[in-house]
Engineer: 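Please read through the structure below; I'll follow up with questions.
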Amino acid sequence: MIRDNKPLMAEIDRIAEVAGYLWEKGWAERNGGNISVNITRLLTAEELSMTPLTTDIALEEPVEALNGQVFYVTGTGKRMRYVAKAPFCHGALIGITAGGTSYHILAEKPIAPTSELPSHLLMHNYLRTSGRQTNVVLHTHPTDLIGLTHCTPYLDSEKLTRLLWSMIPECRIVVPGGIGIVPYEIPGTLALAHATIKQLSRNDVVFWEKHGVLAVGEDIIDCFDAIDTLSKSAQIYFSARAAGYEPEGMTNRQLDDLAEAFRL
Ligand SMILES: [Zn+2]
């Protein structure tokens, strides 16, 4: 029984916790957003070889580096507010098989994974190939951050990173790599995934123009914190603008001093 695996269930609880935050933040309207987490390291040899619930389902593009890996993935059409309450009724464990050309559902119910699964897996595959300790791909719809991507002058990674860093010291510290930006693509397409992967070579957080944000990392709480801190910066910026003035922002010297003090 997979629920007897305490380390796995602790990780599933953390996923549910973050799903709840996404809903509470207003970043997960209807079935907006999706989560995938590599949980292979938490499974026993016996669990890794359990009989799957489905036959193998072919992937659009192979993900060779993920062969044998197991992921918790939110379900297609499933709402974050329900993932938070019952993660195994609104998501499933899937295993990558056949040299990375297909997957099957392992547990606990045959919940079909998010339609973004091929994109998530391509990102996990890229990150694993790059040797990065990345278990999590988190995509969500933060209102304020999406709002920034509706303004052409902000669709510049360096400029927007500088703006958000300069609103509050924490942002420079929590998101030291800054953000990447992907021009608008149709949601769920592999074109969007490939454009995102280009940004992931430099950034752990990527903004999708007029759509949302994607964060990758070792830990799901850290991924949420990075997006939450960027959102705080955006709120400070919009609050100042709504009050009728352009916020001064921290100076380059102040930002450089932070980088030095925190060895960023
Ligand atoms: Zn989305």
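Note that ligands are numbered from 1 as they come in the structure, with each ligand's atoms numbered from 1 the same way.
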Engineer: May I have all residue pairs that pass salt bridge (Lys or Arg N to Asp or Glu O under 4.0 Å) and include part of residues 148-165, sequence neighbours excluded?
Structural biologist: none
Engineer: Please tabulate, for the side chains in residues 209-218, all donor-acceptor contacts under 3.5 angstrom to protein atoms that are two or more places apart in sequence or on a different chain.
Structural biologist:
unit_1, atom_1, unit_2, atom_2, d
E209, OE1, Y184, N, 3.1
H211, NE2, H139, NE2, 3.2
H211, NE2, H141, NE2, 3.4

Engineer: Name every donor-acceptor pair, under 3.5 Å, that has one atom in a side chain of residues 225-232 and the other anywhere in the protein, sequence neighbours excluded.
Structural biologist:
unit_1, atom_1, unit_2, atom_2, d
D228, OD1, K25, NZ, 2.8
T229, OG1, D225, O, 2.7
S231, OG, D144, OD1, 3.2
S231, OG, D144, OD2, 2.8
S231, OG, Q235, NE2, 3.1

Engineer: Under 2.8 Å from the Zn ion (ligand 1), which protein atoms of type N, O or S occur, listed by chain and number?
Structural biologist: H139 NE2, H141 NE2, H211 NE2
Engineer: Please work out which of the three classes, parallel, tilted or perpendicular, describes the rings of Y21 and F224, given edges at 30° and 60°.
Structural biologist: tilted
Engineer: Check each of T149, I146, L145, T196 against W208 using the side chain to side chain contact (heavy atoms under 4.5 Å, CB included) test, and report the only one that passes.
Structural biologist: T196
Engineer: Contact between K198 and V182 at the side-chain level, heavy atoms closer than 4.5 Å - yes or no?
Structural biologist: no
